[in-house]
Amino acid sequence: MKARKAFEPAEGKNSLPHSSKGLPLTTVVRASKMIEPIGNQYIVARPVYSANAFGEEHKKKQRHHKTFLDHLKVCCSCSTQKAKRIALSLFPIASWLPAYRIKEWLLSDIVSGISTGLVAVLQGLAFALLVTIPPSYGLYAAFFPVIIYFFLGTSKHISVGPFPVLSMMVGAVVVRLTPSESTAALEVSNSSMSNDSSADEYKVMVAATVTILSGIIQLLMGVLQIGFVVIYLSESLISGFTTAAAVHVLVSQLKFMLQLNVPAHTDPFSIFKVLNSIFTQIEKTNIADLVTSLIILLIVFVVKEINQRYKAKLPVPIPIELIMTVIATGVSYGFDFKNRFEVAVVGEMKRGFQSPRAPDMQIFQETIGDSFGIAIVGFVVAFSVASVYSLKYDYPIDGNQELIALGLSNIFSGSFKGFAASTALSRSGVQESTGGKTQIAGLLSAIIVLIVIVSIGFLLEPLQKSVLAALALGNLKGMLMQFTEIRRLWQKDKYDCLIWIMTFIFAIVLGLGLGLAASVAFQLLTIVFRTQFPKCSTLANVGRSNVYKNKKDYADMYEPEGVKIFRCPSPIYFANIHFFKQKLIDAVGFNPLRVLRKRNKALKKIRKLQKKGLLQVTPKGIICTNDGFKDSDEELDNNQIEGLDQPINTTDLPFEIDWNADLPLNTMVPKISLHSLILDFSAVSFLDISSMRGLKTLLQEFIRINVDVYIVGSDDDFIEKLVQCDFFDDEVKDSIFFLTIHDAVLHILMKKDYSASKFNSSQEKQPKFDFIINTNGGLRNRECQVPVETKF
């Protein structure tokens, strides 16, 4: 069929004429609208656009892109509105406190504050054991951060204070820096502390110093507006890390439940050394502590399960920690467990607050890495919980302001000998589920802690440490249940599942500090791995429409003859450019560089024959008149090898060479049927310099063997970067870019149809065609003009 007839009007509904490439084409009258909806179908009428043609017809607006100086001027400018906005952002309390609904919210906040305060007291005492400091210091960590956060925090529902994972991380630093029992006296006497200081006071100093340093890091991050670092910790990583931390907490509390003297370990594989130490002296277990802790643990688990299952029916969760603490304290005091069974108890609870103390600068230098990890983990946990409640109750939170609030909270807490704070999931859950509306509930919970600190703390002195250990473990159920995430992640995304597993292994084996760093590095490595080995595919037309999908996935596929459509679904950069090349070569079925070299070698041989007058052009092709002529292939391989990679130039020959025909003297050149290659770069967000050079070389190789290359779906910024980097030249031109795959396919079909036809002068002057895309009618030609790039 001639190309001219392929564009004639259709005779009827089912008589659509086809182009020589198989797609239906008809002529219709131009409609007044560019998009015509017909039921659940649509008709699009527009020209076939290359990027250049689109840019000529639709001029881009001139936009002023702000420079660094423009942003700096905005930051340094000052106005009344800006000052007010900054003040309100730094002190969120000024926004929500004047709007506080006393009649509606106060009673709920009072009930919530009392409930949360009682839980905070017990968790402060319990989590202090994780830091390996006396339990009474946990009350300071449960008091000061709440006060600071009340003024500076943006979340209305989280309860700030000790968190088991953070406590464990601080405890690891304390254990590492605390001198051993045999050298404690020497180390203390050589330090700047007073002569009557004990090992416990040194531990408190280490914990407080680490807390202050982590607070300073959080404050600086907030001031510098770099709260975005939280994005580098995925949900899978956080889940695996907190689960591993829960296992560390479990192992660390065994010595309190069994009342064993277990030496501290902080180096890699420390958890296994602690377990080995526990099992080697298991016969020394204090039965009274073991039985008490198991009973407490069992009751806490059962009641928490009841709270969870019947939370919709219970007005408030059953405060089982408070109930068991009161009972355990009374029983221990009434039956004199300390003297009768030699159990370890909380001991002296100092009333009131201790004077603030400056941090130890020597400890600063030794704990900068640990403090950074503590700062990041504390912020991530608090921000994650705050985000949940902000979405539930529809109010905004500010990540940078959260960093400032948590940073100052930790600085104040560390200054008064507390330890690092974030938010405990269970404590925040109590504050929200008991009706807490604002941070007024948090302030009231701090008042409950204050009462314990200044007046009734002595009542907890007979409480067994094993009870606190059991209460700490009772709050780990949710974290330990995260093991079920493995199956869910495996079904949804194996990369995320691998991140979870490796994070858990790293944190268990290397410890929490090094484990976190290794986990982040591994997570970033998986991103590199995903982009380094993208799932490239070959596309084809589905249903003779404008839809192109992986040709392996559908049965009704149409692939135009001699056209290959290749899709890369990732950025192309130095790490994956060779993979991209190999996948493209596999898709087209040949190596363009090898074909180019073979053709240039054959061309040299043909030139020699032509100069000697041994070639004759016949209707069947080019033949050699002397069958005895021989040439040295070795000479062609080793002489001027660089010339084989250059463009093929046949202008000096009096005939054209058909590279897919038989050549004289049985010269072997790979025969290829491909004439057009379309690269779908709609998912390629950037190219670096290395990949840009490799891509240009690859395009040149295809162009030099007469394969037209087109790139579709690229963003304007992508093309502009190529222009800036001098990507285009006489071979690789900017006209290779098209808006969509279908634009490029139509361009190729028209080009091949018209190149196979003979036009008269009047036909050559008709400048434009465009097409209608009908979801069940295929492609139809319209009476309008084709852009300059599609004229032949």
Would you confirm whether [X], through its side chain, and [Y], through its main-chain N or O, come within 3.5 Å as a donor-acceptor pair?
X	Y	value
Thr116	Ser112	yes
Gln218	Ala375	yes
Thr526	Gln523	yes
Ser136	Lys350	no
Ser466	Met257	no
Asn410	Ala421	yes
Thr329	Thr325	yes
Ser234	Leu237	yes
Gln401	Leu152	yes
Ser390	Ser387	yes

Do Phe419 and Ser413 pass the side chain to side chain contact (heavy atoms under 4.5 Å, CB included) test, and can you show the C-alpha distance, the side-chain angles, and the key distance before you say yes or no? CA-CA 6 Å; Phe419 52 87; Ser413 179; 5.9 Å; no
Hey, could you give me the [atom1]/[atom2] distance between [X] and [Y], rounded to the nearest 0.5 Å?
X	Y	atom1	atom2	value
Met168	Thr242	CE	OG1	14.0 Å
Tyr140	Ser415	OH	OG	14.0 Å
Gln81	Ile86	CD	CD1	11.5 Å
Lys338	Glu461	NZ	CD	9.0 Å
Ile212	Ser214	CD1	OG	9.0 Å
Leu219	Ile411	CG	CD1	5.0 Å

Residue of the set Thr209, Thr367, Val210, Asp370 for which side chain to side chain contact (heavy atoms under 4.5 Å, CB included) holds with Leu177: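 For Leu177, the side chain to side chain contact (heavy atoms under 4.5 Å, CB included) test succeeds with only one of Thr209, Thr367, Val210, Asp370, which is Thr367.
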So which atom in [X] and which in [Y] form the shortest heavy-atom distance, rounded to 0.1 Å?
X	Y	result
Val300	Gly474	CG1-CA, 4.0 Å
Ile296	Ala328	CD1-CB, 4.5 Å
Val249	Pro164	CG2-O, 4.0 Å
Ser159	Ser428	N-OG, 3.0 Å
Ile404	Val223	CG1-N, 4.2 Å
Ala470	Leu297	O-CD1, 3.4 Å

Partner set under ring pair (Phe, Tyr, Trp, His ring centres under 6.0 Å) for Phe143, not counting sequence neighbours: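 With sequence neighbours excluded, Phe143 shows a ring pair (Phe, Tyr, Trp, His ring centres under 6.0 Å) to Phe353, given in chain and number order.
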For residues 104-121, which residue pairs qualify under salt bridge (Lys or Arg N to Asp or Glu O under 4.0 Å), counting only residues two or more places apart or in two chains?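 Sorted pair list: Arg101-Glu104.
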Only pairs at least two apart or in different chains count here, so list each salt bridge (Lys or Arg N to Asp or Glu O under 4.0 Å) that has a residue in residues 377-404.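 Non-adjacent pairs meeting salt bridge (Lys or Arg N to Asp or Glu O under 4.0 Å): Lys392-Glu432.
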Donor-acceptor pairs are to be reported for all side-chain atoms of residues 118-133 against protein atoms at under 3.5 Å, with residues two or more places apart or in another chain.
unit_1: Gln123; atom_1: OE1; unit_2: Arg427; atom_2: NH1; d: 2.6
unit_1: Gln123; atom_1: NE2; unit_2: Ser426; atom_2: OG; d: 2.9
unit_1: Gln123; atom_1: NE2; unit_2: Asn475; atom_2: OD1; d: 3.2

Any side-chain heavy atom of [X] sitting closer than 4.5 Å to one from [Y]?
X	Y	answer
Pro134	Val204	yes
Ile158	Gln431	no
Val377	Val380	no
Leu516	Phe506	no

Does [atom1] belonging to [X] count more than 12 external heavy atoms closer than 6.0 Å?
X	atom1	value
Glu235	CD	no
Leu224	CG	yes
Phe412	CZ	no

Could you tell me whether the side chains of Gln482 and Thr243 share a donor-acceptor contact shorter than 3.5 Å?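 Yes, side-chain donor-acceptor contact under 3.5 Å.
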Would you please indicate yes or no on a ring centroid separation below 6.0 angstrom for [Y] and [X]?
X	Y	answer
Tyr395	His157	yes
Phe504	Phe483	yes
Phe416	Phe144	yes

Give the C-alpha distance, both sets of side-chain angles, the deciding distance and a yes or no for side chain to side chain contact (heavy atoms under 4.5 Å, CB included) between Ile508 and His248. CA-CA 7 Å; Ile508 289 292; His248 276 284; 4.3 Å; yes
Would you list the atom pairs, donor with acceptor, under 3.5 Å between side chains in residues 492-500 and any protein atom, with sequence neighbours excluded?
unit_1: Asp493; atom_1: OD1; unit_2: Tyr495; atom_2: N; d: 2.9
unit_1: Asp493; atom_1: OD1; unit_2: Asp496; atom_2: N; d: 3.0
unit_1: Trp500; atom_1: NE1; unit_2: Ser239; atom_2: OG; d: 2.8

Run Phe458 and Glu348 through side chain to side chain contact (heavy atoms under 4.5 Å, CB included) and show every step you take. CA-CA 7 Å; Phe458 70 94; Glu348 181 184 3; over 6 Å; no
Working for salt bridge (charged side-chain N to carboxylate O under 4.0 Å, His left out), residues Lys465 and Asp289: CA-CA 8 Å; Lys465 289 185 178 180; Asp289 270 327; over 6 Å; no
Given Trp96, which partner from the list Trp105, Phe150, Phe91 fulfils the ring pair (Phe, Tyr, Trp, His ring centres under 6.0 Å) test?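 Of the listed residues Trp105, Phe150, Phe91, the ring pair (Phe, Tyr, Trp, His ring centres under 6.0 Å) partner of Trp96 is Phe150.
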List the residues meeting salt bridge (charged side-chain N to carboxylate O under 4.0 Å, His left out) with Glu305, not counting sequence neighbours, and say none if there are none.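 In terms of salt bridge (charged side-chain N to carboxylate O under 4.0 Å, His left out), with neighbours along the sequence ignored, Glu305 is linked to Arg309, Lys477.
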Apply side chain to side chain contact (heavy atoms under 4.5 Å, CB included) to residues Arg351 and Ile453 and explain how you reach the verdict. CA-CA 6 Å; Arg351 293 190 180 186; Ile453 292 175; over 6 Å; no
